[in-house]
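Everything numeric here is computed off the predicted structure, so don't read it as measured data. In what follows, every chain begins at residue 1, and chains take the letters A, B, ... in the order their sequences are listed. Both backbone and side-chain heavy atoms feed into the values below; hydrogens, waters and symmetry mates do not.
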Amino acid sequence: MKHSLGFFLRESLRAMRRNAAPSFAALATVTVTLIVVGVFIPIVQATTGAANSAAGKVMVDVYMKRGATHAADLRVMGELRALPHVQRVVFEPKAQALAQQRKQDPLAYELLSGSNPLPDTFHVYPTTPSTVLAVRAEISDVGGQGQMLDPAIASVSNHTQDTKRLLTVTRFVTITAALLAALLIAASVLLIGNTIRLSLYARRREVEVMKLVGATDWFIRWPFVIEGVIVGAGAAVLAVVTLAAAKVVVLDPLASNWGLISAPRTIGIVPLMLVLLVAGVGVSAVGSGLSLRRFLRV
Amino acid sequence: MIDFRAVTKKYGTGAFGLDEATFSVDRGDFVFMIGSTGSGKSTVMRLLIKELEPTEGQIVVAGRDLSTIKRRQVPFYRRNIGVVFQDFKLLPNRTVYDNVAYALQVTGHSRKEIRAKVPDILRLTGLSTKLHNYPDQLSGGEQQRVSIARAFVNHPPLLLADEPTGNLDPETSIDIMRLLYRINRTGTTVLVATHDHAMVDKMRRRVLELSRGRVVRDEATGLYARDESTREFAQRLRSPSEAPQVL
């Protein structure tokens, strides 16, 4: 490159000094947008995380016949594992089930006086929650003729009603969160792009003169792009500082007092800062470069 | 230097900017282009800097057909042409010095070269004391001299001036014309668009008159005194009008 980075840096700093108001407007817009995005990312993650963990509890219960032998249990276990869409099979022997139930309701099980009415049970977890009905069909309705997968299986339950409702709700939550995120990102890009456009519009005459003197497009563009990088980085730093302060002052006490916001698997503050920094710098720099295009056509 | 061959420019509105205009300007000439508003003077200028493309016809500048210059090459082509406008078109955020220096920075001159060249050209244009002023701190005549300094600092072979005295009083106009004449004497071809007939008659240079996009007059008015000094030139401009003699 014939011109050094230092030259373009000086040019952009000069421009920002002499156009303080539009530069500040751009800085403020990007800062506010980044703060909103920074708040929204963990919220979306917490919501979809909660929905997914609920969906993770979807499974098919397979009850063995009362008199099933240990050999039959082993055989059924193998058969269940061999089915498509099955991720995991957990065996619960009747003794364990009894102990579990007794703990929940000691009085009722006192009456049984030692006998165990519970069957051996398999909990079959599908690969994804939406395949649960297929898995159920594979076990209790082999070939579509109402046949059990194995003669030793007494019955199959997947709490069909609950499962269907749960799946509907989680899908709705996930789609809504994704839609909101998409809208927010679109709004941010448009808002930032528009602010940059305005500040460039104020300087279109300058660009026109530069072109008349014989400046190449990139000679004109570099200072604007660098300006975008500076504004974006400044805004990201402001936003991150604000968010970090908010986290320490507002969120941390809430989380420790009530365990309310102990959301599963949300983004850490450090990766969040990085994301905001990259987004701020990227959108501003690309925005300036692209918005300039229409003024360069002289 | 400049060759217009049956150039037609139609604007989107259907108006004619130029209508089969044909003329040529030799290297080292000083040519006036006159005509009322809308006659096509500015269209000629804008075609020459390739801000516009002709609808029909061919424009050749310094032996080069402008239609063969690609968009990417336009900036490099423009560096061979100095342009001066009625509204000066200075960069408001830069000092006089930086405005002139910008034309050199664009072409990749080193800071050392810039420091050597800019004061020289500003001395030539009489702006040595205004180096660090911003354009809005200068009078119209001074601003126009900055814009001429910027146009000439690269010593382009061709200088275009679109109504350079349009915003200036008569005395300042004479100074500007004198400056353009001085530049012309260094061998630069100068093309000046103006509607100041009195000035043109006194200048006694070649005159192209445009009307509704057509060349309606092309002649040398008055004594074509090429070797006149700039002092004599200015004296003659200040003297009361005399009947122009056509050679």
In the structure I gave you, are the side-chain heavy atoms of [X] and [Y] within less than 4.5 Å of one another anywhere?
X: B/Glu51; Y: A/Leu212; result: yes
X: A/Val209; Y: B/Tyr102; result: no
X: A/Val213; Y: B/Arg78; result: no
X: A/Glu206; Y: B/Leu90; result: no
X: A/Thr216; Y: B/Arg79; result: yes

Heavy-atom cut-off 4.5 Å, strictly under: side chain, backbone, both or neither for [X] against chain A?
X: B/Tyr77; result: neither
X: B/Asn99; result: neither
X: B/Arg46; result: neither

Quiz item: Can A/Phe219 and B/Gln105 be said to form a side-chain contact (heavy atoms from CB on, under 4.5 Å), step by step?
Solution: CA-CA 10 Å; A/Phe219 187 84; B/Gln105 283 161 350; 4.2 Å; yes
Exercise. Kindly check if the number of other-residue, nucleotide or ligand heavy atoms within 6.0 Å of NZ (B/Lys10) is above 12?
Key: no
Quiz item: Do other residues, nucleotides or ligands put more than 12 heavy atoms under 6.0 Å from B/Tyr11 OH?
Solution: yes
Quiz item: Are any of the side-chain nitrogens in B/Arg94 or A/Glu11 under 4.0 Å away from the carboxylate oxygens of its partner?
Solution: yes
Quiz item: Taking every heavy-atom pair that is under 4.5 Å apart, which of A/Arg205, A/Arg17, A/Arg14 has the most such pairs with chain B?
Solution: A/Arg14
